[in-house]
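A quick write-up on the structure given underneath.
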Amino acid sequence: MPDSLRIAVDGTAASGKGTLAKGLAQALNLAYLDTGALYRSVALGLIRQNLHQNIRAEDAVAAVRAISPLNLPDDAELRSEKTSAIAAEVARIPEVRQALIPHQQRFAKHPPKGYHGAILDGRDIGTIILPDADFKFYCDAESAIRAKRRYNELLSKGETATHTDILTAIEARDQHDKTRKVAPLRAAEDAHHINTGTLSIDDMIAKAMQIIASANE
Ligand code: CDP
């Protein structure tokens with residue numbers, strides 16, 4: 001095992017990549033960065049200034065500057081479906097992606113003190129942000145399963161939504177993320193694929209832990 005471990009977790013919307021990344025972070029004492037929260041925070045900044053209808057690159061870049069990446073808002077609105085959709089819009093602006101790269105790479109290179117490395121989850125971590133990560137995982141599951149999970153998550157937070165609307169939104173966002181010109185969502189060639197639809201949370205984490213352990217045998 002290297003002195004400082006760097007792990008990339010990518011995947012489709014609501015695929016469980018955050019749950020996997022947090023589980024591995026805890027098991028391996030790694031600092032965790034939810035990179036989706038960066039894009040969501042930029043989106044929320046635009047929504048709050050009412051600049052989200054026709055997003056201009058300069059407004060989005062100004063919103064990037066206004067966020068404090070180590071202190072992102074812990075706000076239910078951050079995870080709302082409206083913010084998700086605007087985040088995907090913001091994420092296709094090259095200047096926004098470019099402005100967020102150094103922060104993510106710095107976090108991975110210099111994780112906060114006391115950690116044994118860093119784990120980042122997102123869409124382009126294994127391909128663009130950390131192409132030489134020690135381990136890469138790509139999470140996916142059938143869209144109906146992912147929509148059900150997101151539906152339950154939103155309901156538990158008091159949001160109202162229908163399962164069908166969420167399914168449509170998730171599929172639209174995946175399509176958006178996979179087909180954009182800059183840093184599209186795709187699995188890195190050396191990523192380990194995890195079908196999270198057929199595994200419990202514990203089994204998903206155990207499977208990834210097994211992959212990490214067997215690389216060190
Ligand atoms: O949690 P969920 O999978 O629904 O989304 P997220 O990871 O919070 O990401 C929200 C949106 O931000 C995605 O749909 C992408 O458009 C964008 N994103 C990105 O482009 N690159 C990343 N590294 C992370 C998120």
Side-chain angles (χ1 to χ4, degrees), residues 7-22 32-47 52 55 60 63-64 67 69 72-105 107-108 118-131 133 136-143 145-154 156-157 159 161 165-188 191 194 196-197:
I7 303 183
V9 183
D10 291 298
T12 47
S15 57
K17 57 196 177 317
T19 307
L20 174 63
K22 279 183 229 160
Y32 166 59
L33 181 65
D34 168 6
T35 69
L38 300 171
Y39 294 90
R40 286 173 181 274
S41 298
V42 175
L44 201 52
L46 291 173
I47 292 170
H52 61 288
I55 301 172
V64 172
I67 65 168
L72 296 172
D74 182 16
D75 193 314
E77 229 186 312
L78 203 64
R79 305 286 309 161
S80 76
E81 279 306 288
K82 178 175 178 181
T83 309
S84 304
I86 304 294
E89 292 289 334
V90 157
R92 65 190 311 161
I93 302 173
E95 294 89 334
V96 168
R97 301 204 75 86
Q98 199 57 39
L100 288 172
I101 287 176
H103 169 70
Q104 297 171 74
Q105 292 182 334
F107 183 90
I119 182 162
L120 280 66
D121 81 20
R123 301 291 186 292
D124 59 344
I125 310 302
T127 50
I128 308 277
I129 305 295
L130 302 177
K136 298 178 187 177
F137 295 101
Y138 185 84
C139 299
D140 201 3
E142 271 175 44
S143 54
I145 296 177
R146 294 186 282 121
K148 179 118 200 298
R149 288 181 184 155
R150 181 51 50 89
Y151 174 73
N152 290 337
E153 181 192 336
L154 289 175
S156 73
K157 289 183 178 157
E159 259 206 59
D165 285 349
I166 301 226
L167 178 60
T168 309
I170 274 184
E171 288 179 343
R173 194 144 59 88
D174 284 346
Q175 175 70 3
H176 212 81
D177 288 343
K178 285 177 178 172
T179 57
R180 70 178 171 225
K181 286 207 180 78
V182 209
L185 165 65
R186 65 177 178 80
I194 300 199
T196 62

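In each ligand, atom 1 is the first atom listed, and ligand 1 is the first ligand listed.
Applying the ring pair (Phe, Tyr, Trp, His ring centres under 6.0 Å) test to Tyr39 and every residue at least two apart in sequence or in another chain returns nothing. In terms of the side-chain contact (heavy atoms from CB on, under 4.5 Å) criterion, residue partners of Ile145 (sequence neighbours excluded) are, by chain and number, Glu142, Arg149.
Contacts between Arg123 and ligand 1 below 4.0 angstrom, taking non-hydrogen atoms only, involve backbone and side chain alike. The side chain of Arg40, and not its backbone, has at least one atom closer than 4.0 Å to an atom of ligand 1 (non-hydrogen atoms only; side chain from C-beta on). Contact annotation for Arg180 and ligand 1: only side-chain heavy atoms (C-beta onward) come within less than 4.0 Å of the ligand. Contacts between Ala14 and ligand 1 below 4.0 angstrom, taking non-hydrogen atoms only, involve the backbone exclusively.
Looking only at atom types and distance, the side chain of Tyr32 has a donor-acceptor partner in the side chain of Asp121 under 3.5 Å away.
Counting atoms of ligand 1 from 1 in the listed order, those under 4.0 Å from a heavy atom of Arg79 are 1 (O), 8 (O). Here is the list of ligand 1 atoms found below 4.0 Å of a heavy atom in Asp177: 13 (C), 14 (O), 15 (C), 16 (O).
For Asp124, a nitrogen or oxygen atom sits less than 3.5 Å from a nitrogen or oxygen atom of ligand 1, counting backbone and side chain alike. Checking only distances, Ser15 never comes within under 3.5 Å of ligand 1, N or O to N or O.
Ligand 1 has no atom lying under 4.0 Å from any heavy atom of Arg92.
Side-chain atoms of Ile93 and Ile55, non-hydrogen and from C-beta on, do get closer than 4.5 Å to each other.
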What's the verdict on salt bridge (Lys or Arg N to Asp or Glu O under 4.0 Å) for Asp177 and Arg92, showing C-alpha distance, side-chain angles and the deciding distance?
-> CA-CA 8 Å; Asp177 288 343; Arg92 65 190 311 161; over 6 Å; no
